[in-house]
Amino acid sequence: MNDLTPTREQREAALEGMGCKRKRVEDVRFTQGKGNYVDDLKLPGMLHGDFVRSPHAHARVKSINGDAALKVPGVLAVITAETLKTVNLAWMPTLAGDVQMVLADGKVLFQNQEVAFVVATDRYAADDGINKVVVEYEPLPPLIDPFKAMDADAPVLREDLAGKMTGAHGPRKHHNHIFEWTVGDKDLTDAAFRKADVTIKEMISYHRTHPSPLETCQCVCSFDKIRGELTIWGTFQAPHVIRTVVALIAKLPEQKIHVISPDVGGGFGNKVGAYPGYICAAVASIVTGKPVKWVEDRIENLTATSFARDYHMTTEIASTKEGKVTGLRVHVLADHGAFDACADPSKWPAGFFNIVTGSYDFPTAHLSVDGIYTNKAPGGVAYRCSFRVTEAAYCIERGMDILAQKLGMDPAELRLRNFIKKEQFPYHSALGWEYDSGDYHTAMKKMMDTVDYAGLRKEQAEKRAAFKRGETREIMGLGVSFFTEIVGAGPSKNCDILGIAMFDSCEIRLHPTGAGIARVGTKSTGQGHETTWAQIIATEIGLPADNIMVEEGNTDTAPYGLGTYGSRSTPVAGAAIAMAARKIKAKAQMIAAYKLEVHEGDLEWDIDGFRVKGLPEKAMSMKDICWAAYNSVPPGMEPGLEAVSYYDPPNMTYPFGAYICVMNIDVDTGVYTIRRFYALDDCGTRINPMIIEGQVHGGLTEAFAIAMGQEIRYDDEGNVVTGSFMDFFMPTAVETPHWETDFTVTPSPHHPIGAKGVGESPNVGGVPAFSNAVNDAFSFLGSTHIQMPHDFWRNWKAAKNLGVFAA
Ligand code: CDP
C-alpha cells in the first residue's frame, strides 16, 4: 500500500452510506426555487377548474343554475352531480368502504362541500364563473356536536343510507352511526377494574386539526382521445393506488392511466386520499379533450380536504396502590364528518388505535370505538402519524399522568414501574400487537439524566411554594411523554388498501460505469428519500451514494408500491431497497468469482467490492464488476446488473422515544414559555442522522402547533371558524421553541437493515409532552385534565376556573 491508497475509513467515507450525515441532494433544486411542482406544469391549451362550494353545513340543494356563469367570458362548462351521473361518477368510493358525493347530490353535508365545478380558460374566469352560479338551498338543522350524533332526535344526515343498518365494518346502531369496533377481553378487563385498588376515568379529547401542507392538493388531468390515455399529474402520496382507484371507478384500462407525482410540497397524510377535484378535473378533460388543472386554495384545503383526529376518548386505568397498572378500558367516540373517508388500511376502521396500551405492560385491556357522522368535512387521515397512533399515544400518556396524580406518584416513576422490560421483547400486547424490540428503561433514564429531572422537580416544588406564598404568578410544568409507535404498514396478513397488500418495492439498475438508478414505490413529500435511499444502496453494494439516482412517483417507471404515509417508507420500502441491493450483490459475487478465477465461496465482501479470503490484494471493486456485467459475465449468465424486490414485511416496526417539555405559564395572561424541549428517539438503525434530526424538528414543530393552538373549530351552525392561517395556528420560527434531540439505537430484529420509521414519532410523542406540561403545571391547583389546544386564552381560562384570581 502506498500513501495514495485510500484507507478503509476513507473508502467507507467515500460511499456516504448508512450512518453518514449526507447532505440532502434534493435541496440543490429546492433551495434555488427549481423544484417542479404540479402548479409549475403549464400544458398547451390547458383549462382551469374551480368549485362552487356550499355556505351551509347541512341543506337541501333545491336547484343549481349555471346559465349566468356560462355567459362569463372564458367559462366553458358548469359540471354538476347531474352531469357526473351520466358517467356514473356523482359518488365515489372512499378508502374506508363508504361512498362520498363528488358533487352535491340533492343535499350538502358540510360547509364548503363541492357543489359544482366550473371549467374555464383561466383561473380568474373560473372564479368569476363560480360567483355567477345560482344555487338554491333549503337549510336543514346542522349536527356539529359528536356527543349528540346518536340522540334519538338527531337529524338524519346520510339519506342515501336510509334503511342500511350494516356498513362496511358491521352493524350500525343509529342513522348517524358508522361502525363499532371492539378489541380485547372485556370480561377480564371488567374484572381487573373490580379488583383494582385505584382507578381513574377521564374523557380525553383530541380535537380536530388538519395536516395543512404548504402546497395544497392539486392536479392536472390530460386525456388523449386518440390513444384513450389519461395522464394525471398530482400531489399524491400514493400514486400507484391513485392509478388503481381511477381504473376502478372511471372504468379505464389501468395501463392507459399514467399517474405522476412530481415534487410535492408536504403531505402529512393530506395527500393520501382521492378528492372530488381529481374526479372533476379528469371528467372535464375527458369531456373537453384538453388538459384541466385544479388547484385548491388555503381555505378550501383547510375546510374541505381531509381533517385529522377528532377522537373523544373516555379513558379508564386500573392500578394497584403501588402503581402497577392492571387494566385499561377505553371508549372512543370518533367524529368522521359527513362521509367515512378515513385513510386506514381496509380492515382497521380505527387504524392502529389498539396500540393504546402504549409502552406499558397491561395484563388486560378492552377498547371500543364508535364512528359517527356529523356535518363536518370528511377525512380522518394520519396527520404525521401512523393510523390513529397519535390519538392512542395521547390517550395513554395523559392517562398515565392522571393516574400518577391520583396515586401521588411522580409520572416518570410510574412509567418506569410499568414499562415493558427489555427481556419481554418480542412482546405481545393485550390488544393484539407483537412489539418487535425496545429498551424503554435505558431511554427514559437517559432522558431523565440529561435534563436533570430530579433537579427540575425540585425547582418546581420551590416555585409552587412561592406561588402559594403569593411571590410569583408563574407556574411550572414538566411534561413527560414516553411513546411507542407502530409503523410500517404493513404485513399482508393484516394490512391492505382496497384489497391490495401493503408491500413496497424497489428496482435497481446499475450501469456499466458503476452508476445506477433506483426506482421505488414510495413518494417523498419532503423527507429526503433521494438522499437516504441511495445511502442504503451505497452501504449494501459499495458504490458511492452520489452514483445512485433515486426516482419515485411515476407509475410507468416505478414498480408498484403503496406510497408514503404512516412512516412506512423506511420499514417497508427501505427493506425492499436493501433486498434488491442484496440480489445485485449476489450476482456481482458470481461475476467477481469468475473474473478472479476463484470459487464464489472464496470471496468476502470488503466495503466496496469483493476480495479473495486471505489474499486481500486479489480483489475486484463493485465499480469494475459493473463494467464486467456488461462485457464478460460467466458463461450462461445473463448480462446486466439489475434487480427488483417487492417486500412484504413480517411485522410492523415499533420505534419509541422519551420526551420532556419544561414550561412556565403566567396565570394572569395564560402566556406560556417553553423553557426546554428534549426529545430522545429510537428508530433502530439510523440511515442519515441529519435527516432524522430534521424529521424530528419538523414533527415536533407540528406537535407544538397542535397541542398549543392548531384546531379546525366549528361554530354551532357548522361554520368553520379557523379556515385560514389567520386563525389556524401555523407556527413560524418566531414561536417555535428550540429543540434538543438525542437517541438510542435498538435495531428492529426483522428488518433487513434493522431500521424503524421515524418521521412521525415526534408528532406522536410531542403532543402529549406539551399537554402534560400544561396539565402538570396546573395540577397542584386541583386540576385533573385540561383539554387541548392549550393556547394563551384557554390557559388563562383554566387559571380562572381554578380560582387563582383574588378578585
Ligand atoms: O414514510 P416516511 O418517509 O414519511 O418516514 P420514514 O420512513 O420515517 O423516513 C423519513 C426519513 O427519515 C427518510 O428520509 C428516511 O430515510 C429517514 N430515516 C433514517 O434516516 N433512518 C431511520 N431509521 C428512519 C428514517
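Counting starts at 1 for both ligands and their atoms, in listed order. Not measured: the values here are computed from a predicted model. Atoms considered below: every heavy atom in the structure, side chains included; atoms not considered: hydrogens, waters and symmetry mates. Throughout, numbering of the chain's residues begins at 1 and tracks the sequence.
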Test side chain to side chain contact (heavy atoms under 4.5 Å, CB included) on Phe353 and Trp348; report intermediate values, then the result.
CA-CA 9 Å; Phe353 189 85; Trp348 302 90; over 6 Å; no
Shortest reach to atom 25 (C) of ligand 1 by a heavy atom, considering only Thr570, Thr532, Thr522, Asp504:
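When every heavy atom of Thr570, Thr532, Thr522, Asp504 is considered, Thr570 comes closest to atom 25 (C) of ligand 1.
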Polar contact flag for [X] and ligand 1 (N/O pairs, less than 3.5 Å):
| X | value |
| --- | --- |
| Ile687 | yes |
| Gly684 | no |
| Gln695 | no |
| Gln527 | yes |
| Ile691 | no |

Looking at the rings of Phe729 and Phe704, which for Trp means the six-membered one, are their centres under 6.0 Å apart?
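They qualify: ring centres under 6.0 Å apart.
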Between Tyr394 and Ser771: side-chain donor-acceptor atoms closer than 3.5 Å:
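Ser771 and Tyr394 do have a side-chain donor-acceptor pair below 3.5 Å.
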Just verifying a value: how many Å separate Ile753 CD1 and Thr570 OG1, rounded to the nearest 0.5 Å?
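Reported value, rounded in 0.5 Å steps: 7.5 Å.
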To which protein heavy atom is atom 2 (P) of ligand 1 closest, and what is the distance rounded to 0.1 Å?
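Its nearest protein heavy-atom neighbour is Ser569 OG, 3.5 Å.
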Going by the rule side chain to side chain donor-acceptor pair (under 3.5 Å), which residues pair with Thr305 if we only count those two or more places apart in sequence or in a different chain?
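Partners of Thr305 by the side chain to side chain donor-acceptor pair (under 3.5 Å) criterion, ordered by chain and then number, come out as His210, Asn270, Asn301.
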